[in-house]
Amino acid sequence: MKPIAISDSANFYVSAERIFDPSLKGVPVIVLSNNDGCAVARSDEAKALGIKMGEPLHLIRDKIAAHGVRVFSSNYTLYGDISRRVVAVYEDYTPNVEIYSIDECFLDFSGLRDRVGHARTMRRDVLLRTGVPVRVGIAPSKTLAKCANDIAKKNPIFKGVLDMMDPKLADWLLPLVPVGDIWGIGRKTKAKLDGIGITTAADLRDMPLRQARAMGTVVLERVVLELQGEPCIAFDDIAPQRKGMAVTRSAGIPMQGFDTLFQAITAHTTRAAEKLRQHGLVAGTMTVFFHTNRHRPDRPQYAGSRTTRLIPMSNDTLQLVAAAKRCALAAWPKVGAERYAFAKAGVMLDDLLPVEDRPKTLFDAPPRDPALMIALDAVNRRFGKKTMILGSEGVSQSWQMRVEHRSPRYTTRLSDLPVVRG
DNA sequence: TCTGGGGTCCTAGGACCC
DNA sequence: TCTGGGGTCCTAGGACCC
């Protein structure tokens, strides 16, 4: 059986902030979602204060003030760069790395004589070279490896590494894992399982396969098999072709009137087109949506959305923004538009293809010469993001999201580095 | 009143993940 | 006043085909 390891970073965004600011060690720290909306990463000290994952900032202001919680806006430029550095260390310890998320990688640990020793050395090296503490779970399936990782996270006796390749060890530990903590078991499935008395990972492992399939389709059946040590989710170190991409944002100040909304949609579409070109892709379908603040049912509510085909398939900012305008106009309220304040808008692109696979069109307009977009990207790369934008993005940009607590982009912006004098 | 069988493709919605 | 963003996979059901 092939040993699969998963390595994940402890409170990754908080760990990334702590690398460059030692005063954050040992004190409660939280990192906020976009628009400074809610807490999405908490240090152990912040968790101990009872700050929950996803809790809105405006509901915990008192707690923050009372306990001196340090608060950060999310700084994805920084986190993305730190993530790449962590992966580079993993690559020195196994030839096959599957990047699962910004802070988690599956590692192929086959052929090692001393897996635990190897993992311990790797942990020390990641900490030394990046400053990020990580934990490692090892098992014959991804789901079991995630369980092992979770157990190592919660029990310091394992010192951050747990190897569960031995089925007897799994027998012993799985009764301690709550069923809702298993990878793939969400809120709804947990409630169903609770209802029939399945409350631990050991219970779920012993659930009859037919019953699992009836209750939760092949997805739940696979979880059961994986818990039994039979891998159903392949190790995949080649990133699959992505199927869609989205750029959506809440507005710092709610958007009123078509022009303001369309400024934001222009900006999101511009960003989405850049991402397409970065990945060498074109899109075949576009959806534009916008809606009012759903947390305020006392105010007039409206949600608009429109999908269109892109012919020819495109990654050209001008063509995409033109399509986005048609969608936005079509979805715009026919009456009483002035009553609505839109809290969020976004653009989603689907049916993505590598640009070289784009189908030829016979009767429709041919794709535009890419020279203009190449020049646009070159200008914005050299002179900074948004040096050159479309006029319809506007200059006031009142819809920009709130970013009130962002740390410097220490590793990617020279101009952000603190100046030390004397 | 009676009205086949089997296949594919597409979409919307649900559930889950980090 | 203030509540994130970006993904994947699966299923059911409808449209359509012969």
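You'll find that the side chain of M245(A) is closest to dG7(C), out of dC18(B), dA15(B), dG7(C). Among the nucleotides dG5(C), dC18(B), dG6(C), the one closest to any side-chain atom of S250(A) is dG5(C). Closest to the side chain of R242(A), from the set dG4(C), dC16(B), dT8(C), is dT8(C). When each of dC9(C), dG7(C), dG5(C) is scored by its nearest atom to the side-chain atoms of K344(A), the top-ranked nucleotide is dG5(C). Each of dG5(C), dC18(B), dC2(C) was ranked by its minimum atom distance to the side chain of R249(A); first place goes to dG5(C). Checking dT3(C), dG4(C), dG6(C) against every side-chain atom of V40(A), the shortest atom distance belongs to dG4(C). Distances were taken from every side-chain heavy atom of R402(A) (C-beta onward) to each of dG7(C), dC17(B), dC2(C); the shortest belongs to dC2(C).
Within a 6.0 Å radius of CG in D357(A), more than 12 heavy atoms belonging to other residues, nucleotides or ligands are found. Atom CG of L353(A) has more than 12 neighbouring heavy atoms from other residues, nucleotides or ligands inside a 6.0 Å radius.
Test Y340(A), F290(A), F262(A) against W332(A) for side-chain contact (heavy atoms from CB on, under 4.5 Å) and you get one pass: F290(A). The side-chain contact (heavy atoms from CB on, under 4.5 Å) test with S9(A) singles out one residue from V126(A), T130(A), V132(A), and that residue is V132(A).
At whole-Å resolution of the value, CG in D236(A) and C1' in dC17(B) are 16 Å apart. Atom CD1 in I102(A) sits roughly 15 Å away from atom C1' in dC17(B) (whole-Å rounding). Rounded to an integer number of Å, the gap from OH of Y76(A) to P of dG6(C) is 9 Å. Following rounding to the nearest Å, D298(A) (CG) and dC2(C) (P) show an atom-to-atom distance of 10 Å. For K142(A) and dC18(B), the NZ to C1' distance is 14 Å, given to the nearest whole Å. We find that OH of Y100(A) is positioned 6 Å from C1' of dC18(B), with the value rounded to whole Å. Note: CG (L349(A)) to C1' (dT8(C)) measures 17 Å, nearest angstrom. To the nearest angstrom, P of dG4(C) lies 17 Å from OH of Y79(A).
Contact annotation: K275(A) side-chain N/O to dG7(C) OP1/OP2 distance is under 4.0 Å. Remark: K190(A) is not in phosphate contact with dC16(B), judged by side-chain N or O atoms under 4.0 Å from OP1 or OP2. Close to dA15(B), at under 4.0 Å from its OP1 or OP2, lies no side-chain N or O of K192(A). A close approach under 4.0 Å does occur between a side-chain nitrogen or oxygen of T189(A) and OP1 or OP2 of dC16(B). For the OP1/OP2 pair of dC2(C) and a distance below 4.0 Å, the side-chain nitrogens and oxygens of R296(A) include at least one atom meeting the criterion. OP1 or OP2 of dA15(B) has not a single side-chain nitrogen or oxygen of R187(A) nearer than 4.0 Å. Within the 4.0 Å cut-off from OP1 or OP2 of dT1(C), not a single side-chain nitrogen or oxygen of R61(A) is found. Considering only side-chain N and O atoms, K146(A) lies under 4.0 angstrom from the phosphate OP1 or OP2 of dC18(B). Regarding contacts with the backbone of dG4(C), every side-chain N or O of T248(A) stays at 4.0 angstrom or more from both OP1 and OP2. Close to dG4(C), at under 4.0 Å from its OP1 or OP2, lies no side-chain N or O of S74(A).
Residue D103(A) is classed as a sugar-phosphate contact, given heavy-atom separations below 4.0 Å to backbone atoms only. As judged by a 4.0 angstrom heavy-atom cut-off over every strand, M401(A) is placed among residues making no nucleic acid contact. Using a 4.0 Å heavy-atom criterion, one finds that E55(A) contacts no nucleic acid atom at all. Across all strands, R309(A) comes closer than 4.0 Å to no nucleic acid atom at all (heavy-atom distances). Here G54(A) lies out of heavy-atom contact (under 4.0 Å) with every strand. Backbone-only engagement by I185(A) is indicated by non-hydrogen atom pairs under 4.0 Å involving sugar-phosphate atoms exclusively. Counting non-hydrogen atoms under 4.0 angstrom, F12(A) reaches nothing in the nucleic acid. I60(A) comes within 4.0 angstrom of nothing in the nucleic acid, heavy atoms only.
For the pair R277(A) and E274(A), the salt-bridge criterion is not met [side-chain N within less than 4.0 Å of a carboxylate O].
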Atom pairs under 3.5 Å: protein N/O with N/O of nucleotides 10-12 of chain C:
{"unit_1": "dC10(C)", "atom_1": "OP1", "unit_2": "R222(A)", "atom_2": "NH1", "d": "3.2"}
{"unit_1": "dC10(C)", "atom_1": "OP1", "unit_2": "R222(A)", "atom_2": "NH2", "d": "2.9"}

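Nearest heavy-atom pair across H67(A) and P28(A) is O-CG, 3.9 Å. The nearest pair of heavy atoms linking T270(A) to E393(A) is OG1-OE1, 4.2 Å. Nearest heavy-atom pair, I196(A) versus Q211(A), reported as atom, atom and distance to 0.1 Å: CD1-NE2, 3.6 Å.
Sequence order on DNA chain C of the closest nucleotides to G252(A) and N34(A) puts G252(A) first from the 5' end. Each of N35(A) and A246(A) was assigned the nucleotide of DNA chain C with the nearest heavy atom; the assignment lying further toward the 5' end belongs to N35(A).
No donor-acceptor contact under 3.5 angstrom links the side chains of S314(A) and D316(A), judged on distance only. A side-chain N or O of T411(A) and one of D81(A) form a donor-acceptor pair less than 3.5 Å apart.
Here dC18(C) sits opposite dG5(B) as a Watson-Crick or G-U wobble pair (both hydrogen-bonding atom distances under 3.5 Å).
When the C1' atom is used for both dG4(B) and dC16(C), the distance is 16 Å, rounded to whole Å.
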